[in-house]
Amino acid sequence: MEEKRLYDVDSIEFNELLDLARIELKNNDLEYQDLENQVNEIINKYPRIHSLFENDEVPNLNEEECKMLQNLISLYLQMSNFEERKIFFLGARENYFYFKNMNLIKE
């Protein structure tokens with residue numbers, strides 16, 4: 001089966017390739033896994049914070065929950081940085097194949 005190239009796919013396939021990059025992070029990057037575990041611990045320990053994200057409810061949070069919400073946002077931002085870096089390098093790799101396909105890179 002021929003490998004799909006990013007420049008050769010529609011938007012649904014493109015999003016699937018990005019999801020695969022995130023899954024690869026989840027499976028292979030220990031720092032990313034640690035961040036994800038911290039997120040899950042907060043979500044499981046604070047059901048009202050979970051409700052905020054899952055049910056679009058806006059519960060009154062106490063001081064501790066507000067601090068955990070801030071921590072959760074920080075963790076999500078750190079995870080996002082990992083994902084952006086992964087996607088950046090995926091794009092760089094795909095540029096190589098695109099330029100090679102256009103005969104702009106010779107071997």
Side-chain angles (χ1 to χ4, degrees):
M1 185 168 112
E2 185 179 331
E3 184 177 354
K4 294 245 181 200
R5 305 271 38 116
L6 282 179
Y7 61 84
D8 240 359
V9 299
D10 63 29
S11 62
I12 293 172
E13 291 172 314
F14 178 78
N15 287 328
E16 288 174 358
L17 288 170
L18 294 180
D19 286 340
L20 287 174
R22 289 183 185 99
I23 290 169
E24 187 178 322
L25 273 174
K26 289 179 181 186
N27 292 334
N28 299 320
D29 191 295
L30 295 177
E31 288 181 74
Y32 189 89
Q33 291 171 359
D34 181 53
L35 292 170
E36 189 173 45
N37 288 337
Q38 290 178 56
V39 164
N40 290 331
E41 286 176 21
I42 292 172
I43 293 293
N44 291 331
K45 186 174 180 182
Y46 297 93
R48 292 196 301 181
I49 293 175
H50 178 75
S51 178
L52 176 69
F53 288 100
E54 291 297 316
N55 304 325
D56 293 329
E57 294 176 6
V58 185
N60 291 326
L61 302 178
N62 62 36
E63 186 175 343
E64 180 183 2
E65 290 168 324
C66 287
K67 288 180 182 178
M68 287 299 110
L69 180 57
Q70 288 174 320
N71 189 19
L72 189 62
I73 291 168
S74 174
L75 292 169
Y76 277 131
L77 290 172
Q78 291 174 58
M79 290 173 71
S80 180
N81 285 338
F82 275 88
E83 293 167 2
E84 288 170 1
R85 179 179 164 88
K86 180 76 174 169
I87 291 167
F88 172 82
F89 285 111
L90 176 63
R93 186 189 80 182
E94 292 300 316
N95 276 330
Y96 168 79
F97 289 115
Y98 179 73
F99 292 147
K100 187 175 176 189
N101 189 48
M102 300 295 293
N103 293 319
L104 297 172
I105 295 177
K106 309 278 187 225
E107 286 191 38

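All heavy atoms count here, side chains included; hydrogens, waters and symmetry mates do not.
Here CD1 of Ile42 is found 4.0 Å from CG of Asn71. Values are rounded to the nearest 0.5 Å. Distance CG/Leu90 to CD/Glu83: 13.0 Å, rounded to 0.5 Å. In this structure, CG on Leu72 lies 4.5 Å from CZ on Phe53, to the nearest 0.5 angstrom. To the nearest 0.5 Å, atoms CE (Met102) and CG (Asn95) are separated by 12.0 Å. To the nearest 0.5 angstrom, Arg22 atom CZ is 12.0 Å from Lys86 atom NZ. If you take CD on Gln70 and NZ on Lys67, they are separated by 8.5 Å, rounding to the nearest 0.5 Å.
When the side chains of ILVMFWY residues are joined at heavy-atom separations under 4.5 Å, either directly or via intervening members, Phe97 and Phe99 end up in a single hydrophobic cluster. Grouping the Ile, Leu, Val, Met, Phe, Trp and Tyr side chains by contacts below 4.5 angstrom, directly or via other members, places Leu69 with Leu75. Note on Met68: it clusters hydrophobically with Leu52, by side-chain heavy-atom contacts below 4.5 Å among ILVMFWY residues. In the hydrophobic cluster analysis, where Ile, Leu, Val, Met, Phe, Trp and Tyr join through side-chain heavy atoms closer than 4.5 angstrom, Ile73 is grouped together with Leu35. If you chain together hydrophobic residues whose side chains sit under 4.5 Å apart, Met79 and Ile87 never meet in one group.
Counting only N and O atoms by type, the side chains of Asp29 and Gln33 include no donor and acceptor under 3.5 Å apart. Of the N and O atoms on the side chains of Ser74 and Gln78, at least one donor lies less than 3.5 Å from an acceptor on the other residue.
Asp34 places no side-chain N or O within 3.5 Å of a backbone atom of Leu30 that could act as its donor or acceptor partner. A distance-only check finds a donor-acceptor pair linking the side chain of Arg48 to the backbone of Asn60 [under 3.5 Å]. Looking only at distances, a side-chain donor or acceptor of Glu65 sits under 3.5 Å from a matching main-chain atom of Asn62.
Residues Tyr76 and Val39 come closest through the heavy atom pair OH-CG1, 3.7 Å.
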